[in-house]
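This structure is a prediction, so every number in the text was calculated from the model and none was measured. Ligands are counted one by one from 1 in listed order, and the atoms in each one are counted from 1 as well.
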Amino acid sequence: MASKDPKRRGNRRKQVQFFNRFTRDRERVPPGQYVTRKFPVLTHGETPDIRPEDWHLEVFGAVEQPLRLDWKALMKLPRKTVRVDIHCVTRWTLLGTEWEGVPFQVIVDKVHPHPQARFVMQYAYGGYTTNLPLEDLLKEDVLLAFHLNGYPLPRQHGGPVRMLVPHLYFWKSAKWLKGLEFMIENRPGFWEQHGYHMHGDPWKEERFSQED
Ligand SMILES: Nc1nc2c(c(=O)[nH]1)N[C@H]1C(S)=C(S)[C@@H](COP(=O)(O)O)O[C@H]1N2
Ligand SMILES: [Mo]
């Protein structure tokens with residue numbers, strides 16, 4: 001993740017300015033980000049190996065109708081394709097990625113969240129977690145994604161199924177998704193417990209909870 005050492009962050013800023021001189025779609029690049037052309041892999045710890053037939057998702061917490069979905073059931077739900085830019089807090093931005101998946105809204109319509117539910121914790125196989133406001137998950141481009149650029153989502157990018165929340169820093173998109181907990185009170189996930197932001201809007205540079 002991004003360095004908290006001010007000296008290293010200064011160098012980063014220079015690198016970012018240098019890279020962006022060559023970027024065409026500058027208005028699509030949030031402040032402090034540079035455009036990458038490869039798709040970096042960022043995983044904390046082991047890469048889980050989940051076969052689609054073993055995959056399942058639990059949706060629980062502040063909902064009227066908890067839900068357990070397996071791969072077959074997921075494949076029967078309405079799906080959509082989105083073309084979006086993604087932004088990692090370590091400062092790379094990848095423009096124009098194409099994802100297919102089930103809109104988060106489809107899940108919401110099945111579980112009927114309690115009216116007081118305001119936050120969601122994403123749980124991944126392997127133990128990763130990340131929290132965010134429910135409101136952010138209700139945006140149109142938010143998917144439970146299983147295709148990337150026309151192909152099954154590669155394992156290192158979170159296959160068989162990951163969250164895609166493209167308008168927030170990419171750590172808010174759990175790979176190898178296995179649980180969604182609707183919450184009334186907010187709670188920090190993995191990186192959030194280590195000082196990263198509870199919201200994570202790249203356009204507001206919401207990188208850390210307390211900027212130093
Ligand atoms: N399960 C899990 N999800 C995760 C992570 C992780 O370590 N484990 N890393 C996060 C971070 S910091 C980023 S930038 C993106 C990286 O996704 P990618 O490897 O497909 O580029 O996944 C996010 N989701
Ligand atoms: Mo990240």
Side-chain angles (χ1 to χ4, degrees), residues 1-4 8-9 12 15-16 19 29-52 54-59 82-101 104 120-132 136-137 141-181 187-209:
M1 299 291 279
S3 174
K4 278 197 153 182
R8 284 194 55 199
R9 282 166 73 181
R12 277 298 220 172
Q15 270 181 35
V16 163
F19 276 111
V29 184
Q33 298 291 110
Y34 67 86
V35 172
T36 182
R37 301 188 67 173
K38 51 179 203 229
F39 195 154
V41 171
L42 263 113
T43 302
H44 185 86
E46 300 289 303
T47 298
D49 191 358
I50 316 293
R51 296 181 305 172
D54 296 330
W55 177 85
H56 65 263
L57 172 74
E58 300 279 350
V59 190
V82 300
R83 201 174 171 79
V84 292
D85 305 332
I86 55 183
H87 315 288
C88 173
V89 73
T90 62
R91 299 187 181 273
W92 54 265
T93 282
L94 185 57
L95 300 176
T97 54
E98 194 188 278
W99 305 79
E100 185 179 26
F104 182 82
V120 172
M121 186 71 79
Q122 303 171 32
Y123 293 84
Y125 288 94
Y128 185 87
T129 55
T130 186
N131 64 297
L132 72 178
D136 283 276
L137 289 171
D141 287 349
V142 174
L143 303 180
L144 283 67
F146 43 77
H147 282 162
L148 170 61
N149 297 325
Y151 292 93
L153 183 59
R155 185 177 152 213
Q156 71 270 24
H157 289 300
V161 182
R162 80 176 295 163
M163 282 302 295
L164 173 71
V165 190
H167 68 283
L168 298 181
Y169 283 123
F170 210 29
W171 93 78
K172 297 286 185 183
S173 296
K175 306 196 276 190
W176 315 291
L177 184 68
K178 75 158 196 187
L180 292 167
E181 179 185 4
R187 256 182 14 242
F190 176 73
W191 284 118
E192 293 82 6
Q193 287 170 41
H194 288 82
Y196 283 85
H197 204 279
M198 295 294 264
H199 185 220
D201 181 342
W203 295 98
K204 298 182 185 154
E205 285 209 69
E206 291 172 342
R207 298 172 191 274
F208 306 107
S209 318

Chemist: At a 4.0 Å threshold, what atoms of ligand 1 neighbour a non-hydrogen atom of Thr43?
Modeler: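 Here the atoms of ligand 1 in question are 7 (O).
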Chemist: Under 30°, 30 to 60°, or over 60°: which ring-plane class applies to His44 and Phe190, parallel, tilted or perpendicular?
Modeler: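 Taking Phe190 first and then His44, their aromatic rings sit tilted (interplane angle of 30° to 60°).
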Chemist: Measuring from atom OH of Tyr34 to atom OG1 of Thr90, what distance do you get when rounded to the nearest 0.5 angstrom?
Modeler: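 If we round to the nearest 0.5 Å, Tyr34:OH and Thr90:OG1 are 6.5 Å apart.
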Chemist: Evaluating non-hydrogen atoms only, which member of Tyr123, Tyr128, Tyr169 is closest to atom 8 (N) of ligand 1?
Modeler: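 Checking each option, the heavy atom nearest atom 8 (N) of ligand 1 is found in Tyr128.
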Chemist: Does Pro40 have a heavy atom less than 4.0 Å from any atom of ligand 1?
Modeler: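 Yes, that is the case, since the closest heavy atom of the residue is under 4.0 Å from the ligand.
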Chemist: In terms of side-chain heavy atoms, does His167 have a donor or acceptor partner in Asp141 at a distance below 3.5 Å?
Modeler: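 The criterion, which ignores hydrogens and geometry beyond distance, is not satisfied for Asp141 and His167.
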Chemist: What atoms in ligand 1 come closer than 4.0 Å to a heavy atom of Ala124?
Modeler: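 Per the distance check, 1 (N).
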Chemist: Report the part of Phe190 (side chain from C-beta onward, or backbone N, CA, C, O) that has a heavy atom under 4.0 Å from ligand 1; answer both or neither where that applies.
Modeler: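 Neither; no heavy atom under 4.0 Å.
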Chemist: Taking a cutoff of less than 4.0 Å between a non-hydrogen atom of the residue and any ligand atom, is Ala174 in contact with ligand 1?
Modeler: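 Judged by the 4.0 Å heavy-atom criterion, Ala174 does count as contacting ligand 1.
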Chemist: Check whether any side-chain heavy atom of Tyr123 sits under 4.5 Å from a side-chain heavy atom of Glu58, and report yes or no.
Modeler: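 Not touching, per the 4.5 Å side-chain cut-off.
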Chemist: Starting from the C-alpha separation in whole Å, work towards a yes-or-no answer on side chain to side chain contact (heavy atoms under 4.5 Å, CB included) for Tyr169 and Gln33.
Modeler: CA-CA 11 Å; Tyr169 283 123; Gln33 298 291 110; 4.0 Å; yes
Chemist: Test of understanding: given a 4.0 Å heavy-atom threshold, classify the contact between Tyr125 and ligand 1 as side chain, backbone, both, or neither.
Modeler: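 Neither part.
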Chemist: Quick one: are Arg207 and Arg91 in side-chain contact, heavy atoms under 4.5 Å?
Modeler: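 Of all side-chain heavy-atom pairs linking Arg91 with Arg207, at least one is under 4.5 Å.
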Chemist: Would you say that Asn131 contacts Lys172 through its side chain, given a criterion of any heavy-atom pair below 4.5 Å between the two side chains?
Modeler: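 They are in contact (side-chain heavy atoms under 4.5 Å apart), so the answer is yes.
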Chemist: So which bit of Trp171 gets within less than 4.0 Å of ligand 1, heavy atoms only: side chain, backbone, both or neither?
Modeler: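 Trp171 to ligand 1: contacts from backbone and side chain alike.
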Chemist: Identify, by atom number and element, the atoms of ligand 1 in contact range of Cys88, meaning under 4.0 Å from any of its heavy atoms.
Modeler: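 Every atom of ligand 1 under 4.0 Å from some heavy atom of Cys88: 14 (S).
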Chemist: Enumerate the atoms of ligand 1 whose separation from the nearest heavy atom of Trp92 is less than 4.0 angstrom.
Modeler: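 The atoms of ligand 1 under 4.0 Å from a heavy atom of Trp92 are 21 (O).
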Chemist: For Phe39 and Trp99, take the angle between the two ring planes, folded into 0 to 90°, and tell me which bin it lands in: parallel under 30, tilted 30 to 60, perpendicular over 60.
Modeler: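 If you compare the ring of Phe39 with that of Trp99, the planes turn out perpendicular.
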Chemist: Can you sort out which atoms of ligand 1 are near His44, meaning under 4.0 Å from one of its heavy atoms?
Modeler: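 Reading through ligand 1 atom by atom, the close ones are 6 (C), 7 (O).
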Chemist: Looking only at non-hydrogen atoms, which of Trp176, Tyr196, Phe170 approaches atom 15 (C) of ligand 1 most closely?
Modeler: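 That would be Phe170.
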Chemist: Under 30°, 30 to 60°, or over 60°: which ring-plane class applies to His87 and Trp203, parallel, tilted or perpendicular?
Modeler: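 Judged by the thresholds at 30° and 60°, the geometry between His87 and Trp203 is perpendicular.
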Chemist: For Trp191 and ligand 1, does the shortest N/O to N/O distance drop below 3.5 Å?
Modeler: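 Trp191 vs ligand 1: no N/O contact under 3.5 Å.
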Chemist: Considering the heavy atoms of Val41, write down every atom of ligand 1 situated less than 4.0 Å from one of them.
Modeler: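 By the 4.0 Å cutoff, the relevant atoms are 19 (O).
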Chemist: Atom CG of Leu42 and atom CH2 of Trp171: how far apart are they, to the nearest 0.5 Å?
Modeler: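 Going from CG on Leu42 over to CH2 on Trp171, the span is 12.5 Å.
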Chemist: Run down the list Arg162, His87, Glu46 and name the one with the heavy atom closest to atom 22 (O) of ligand 1.
Modeler: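 Selected option, by shortest heavy-atom distance: Arg162.
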Chemist: If you measure every N/O of Phe39 against every N/O of ligand 1, is any gap under 3.5 Å?
Modeler: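 No, no N or O pair falls under 3.5 Å.
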